Amino acid sequence: MKKKSSSKDFVWRRKHLLGLKGMSADELIHLFNTAEGFKEISQRSIKKAPALRGKVVGNLFFEDSTRTRTSFALAVSRLSADIVEFTAKASSLSKGETLRDTARNLEAMGIDMVVVRHKAGGAANLLSQCIDACVINAGDGYHEHPTQGLLDIFTIRELRQDIKGLKVAIVGDIAHSRVARSNIWALHTLGAEVFLVGPPTLMPSAVSQLPVTVCHDFDSIIGQMDVLNMLRVQFERIGSPVIPSLLEYSRLFALTEKRMEKAKSDVIVMHPGPMNRGLEIEGTVADGPNSTVLRQVSNGLAVRMAVLFLVNQASKLPADERIDS
Ligand code: ASP
C-alpha cells in the first residue's frame with residue numbers, strides 16, 4: 001500500500017465501524033488520508049473543526065479504559081459534537097439493564113453515535129442491529145479493536161510510506177488480544193507479512209485460519225522484522241494459568257535491550273498500552289529511540305476523528321447505498 005492522496009470519487013459507505021476484517025485496501029487508505037487531514041487540525045492553535053456540530057456521541061464503556069475512552073472523548077470535542085459518558089459502574093448497567101435497553105434509552109435522548117467497549121465479542125455488532133445510531137467498536141472481548149489496529153498501521157505508514165512487503169511481528173499474548181486480530185486483518189489486506197510470536201499456550205485455537213506465520217522462537221526471527229508490536233499478557237481475560245513462569249516468559253519473549261541488538265537498527269517498536277514494563281518490554285526499550293508508543297497515542301486521536309467523521313457521513317446515505325454491517 002503506497003501512501004497516496006484519496007480519490008475524490010471515493011465514497012465511504014460504512015455506517016458502523018465494527019472490525020477491520022473485510023475492510024478493503026481502498027477503505028483503509030481513505031480512512032488514513034482522512035486522518036492525516038485531522039492530524040493537521042490538532043497542530044493548529046485552535047484545535048477545533050465544526051464537522052460534527054450538533055451531533056451527540058455516547059461513550060459506553062463496560063470495561064476499563066484509559067487511552068481509548070479519553071481519545072474518543074477528545075476526538076468528539078475536536079469535531080464540535082457533544083459527548084455523554086457512560087460507565088457500567090455508574091449507570092443502570094450495574095442494576096441489570098441489558099446493553100440493548102441502555103443503548104435504546106440513550107437513543108431516545110437523541111444520541112447519533114455510540115462508541116462501545118464490552119467484554120463480549122460481538123457486542124458492537126449486536127448493538128448495530130438494534131439501534132439506528134452509528135456504532136463504533138472500542139474493543140469487544142478477544143474479537144477486534146479496530147481503532148487500535150488503524151492507529152497502529154497509520155503510525156507504521158507515517159514512518160515507512162509503504163505497508164506492502166513489510167514484516168510485522170505481533171509478540172506475546174495473541175490468544176486474548178483483540179488488538180492482534182484487528183492488526184492481522186488490515187495488515188494482511190495491505191500486503192504486509194504478519195508473524196505471530198509467543199508460547200503455544202498464548203496462540204489462538206484457530207490460528208491456522210489466520211493469514212499469518214506462527215513462530216515460537218522470537219530470537220530466530222527478530223532480525224528480519226520491520227515492526228515489533230509487543231502485547232501485554234492480558235491476565236484479566238485469562239481464566240486458568242497459561243504460562244508456567246513470568247520469569248521464563250520474559251526470558252523468551254520480552255523485548256529487552258539485549259534482544260534489540262539482534263533487531264534491525266530502524267525497527268519500529270510498538271505497544272498498544274497499558275504496558276507492563278519489565279514483563280513484555282524493558283522500560284528503556286519502551287522509552288528508547290525506536291519506540292512509537294506515544295506517537296501511537298497521538299495518532300489515535302486523528303484516526304478516531306476520521307472514524308467519527310466518516311461513519312456520520314455514511315449515515316446520511318440512502319439505505320441501499322450504505323454498508324450497515
Ligand atoms: N488496550 C488494549 C485493549 O483494550 C490492549 C490491552 O489491554 O492490553 O485491548
Side-chain angles (χ1 to χ4, degrees), residues 17-21 59-75 86-89 115-125 135-156 168-187 196-199 201-204 210 227-239 242-243 246 249-250 253-255 269-283 285-286 291-301 303-304 307:
L17 180 73
L18 304 177
L20 302 187
K21 187 177 181 187
N59 222 8
L60 203 57
F61 276 65
F62 293 77
E63 267 189 356
D64 295 340
S65 167
T66 308
R67 277 152 294 272
T68 308
R69 186 192 180 97
T70 44
S71 177
F72 267 113
L74 198 52
F86 281 86
T87 53
K89 285 178 203 119
V115 176
V116 62
R117 168 169 288 189
H118 200 283
K119 65 177 187 312
N125 206 315
V135 175
I136 298 169
N137 183 2
D140 61 332
Y142 313 159
H143 176 231
E144 283 224 34
H145 190 346
T147 55
Q148 180 71 47
L150 290 168
L151 74 88
D152 289 345
I153 300 169
F154 180 85
T155 303
I156 302 173
V168 180
I170 304 176
V171 186
D173 180 5
I174 319 288
H176 305 96
S177 175
R178 49 199 178 205
V179 174
R181 283 170 184 74
S182 289
N183 267 278
I184 291 166
W185 295 121
L187 284 167
L196 300 186
V197 184
T201 49
L202 291 179
M203 287 292 157
L210 297 172
V227 180
L228 302 171
N229 197 348
M230 306 305 296
L231 300 179
R232 184 174 68 91
V233 181
Q234 291 136 105
F235 292 107
E236 78 283 9
R237 296 182 201 155
I238 299 177
V242 281
I243 37 177
L246 291 182
Y249 176 83
S250 273
F253 298 106
L255 192 56
V269 173
M270 315 190 91
H271 196 301
M275 288 188 282
N276 286 159
R277 287 171 183 259
L279 181 50
E280 73 273 8
I281 190 163
E282 212 166 60
V285 178
S291 169
T292 59
V293 169
L294 295 177
R295 187 179 191 134
Q296 288 168 260
V297 177
S298 305
N299 284 340
L301 182 57
V303 163
R304 293 184 173 111
V307 169

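Excluded from the calculations below are hydrogen atoms, water molecules and symmetry mates; all remaining heavy atoms, backbone and side chain alike, are included. Order of appearance sets the numbers: ligands from 1, and atoms from 1 within every ligand. Please read these numbers as outputs of a predicted model, since none were measured by experiment.
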A.B. asks: With atoms numbered from 1 as shown, which atoms in ligand 1 lie under 4.0 angstrom from a non-hydrogen atom of Arg237?
C.D. replies: 3 (C), 4 (O), 7 (O), 9 (O)
A.B. asks: Does Ser250 use its side chain to pair, donor to acceptor, with the backbone of Leu279 at less than 3.5 Å?
C.D. replies: yes
A.B. asks: Counting non-hydrogen protein atoms only, what is the nearest one to atom 1 (N) of ligand 1? Give residue, atom name and distance.
C.D. replies: Gly273 O, 3.0 Å
A.B. asks: Looking only at heavy atoms of Ser65, does any of them come nearer than 4.0 Å to an atom of ligand 1?
C.D. replies: no
A.B. asks: Can you tell which part of Val179 has a heavy atom less than 4.0 Å from ligand 1: side chain, backbone, both or neither?
C.D. replies: side chain
A.B. asks: Report the part of His145 in contact with ligand 1, treating N, CA, C, O as backbone and CB onward as side chain, heavy atoms under 4.0 Å; options are side chain, backbone, both, neither.
C.D. replies: side chain
A.B. asks: So, 4.0 Å and heavy atoms of Glu63: is ligand 1 close enough to count as a contact?
C.D. replies: no
A.B. asks: Taking ring-ring contact (aromatic ring centres under 6.0 Å, His included) as the definition, give me every residue that meets it alongside His176, ordered by chain and number, with sequence neighbours left out.
C.D. replies: Tyr142
A.B. asks: Using modelled atom types only, decide if a donor and an acceptor are shared between the side chain of Asp140 and the backbone of Ala124 within a distance under 3.5 Å.
C.D. replies: no
A.B. asks: Do Arg304 and Ser71 have side-chain N/O donor and acceptor atoms under 3.5 Å apart?
C.D. replies: yes
A.B. asks: Using heavy atoms and a threshold below 4.0 Å, how should the contact between Arg178 and ligand 1 be classified: side chain, backbone, both, or neither?
C.D. replies: side chain
A.B. asks: Looking only at protein heavy atoms, identify the closest one to atom 8 (O) of ligand 1 and say how far it is in Å.
C.D. replies: Arg232 NE, 2.7 Å
A.B. asks: Could you pull out all residues at least two apart from Phe72 that satisfy ring-ring contact (aromatic ring centres under 6.0 Å, His included)?
C.D. replies: none
A.B. asks: Can a donor-acceptor pair be found between the side chains of Asp152 and Gln296 at a distance below 3.5 Å?
C.D. replies: yes
A.B. asks: Going by atom types only, do Arg117 and His145 share a side-chain donor-acceptor pair under 3.5 Å?
C.D. replies: yes
A.B. asks: Have a look at ligand 1 and work out which part of Glu280, if any, has a heavy atom under 4.0 Å from it: side chain, backbone, both or neither.
C.D. replies: neither
A.B. asks: Can you check whether Arg117 has an N/O within less than 3.5 Å of an N/O in ligand 1?
C.D. replies: yes
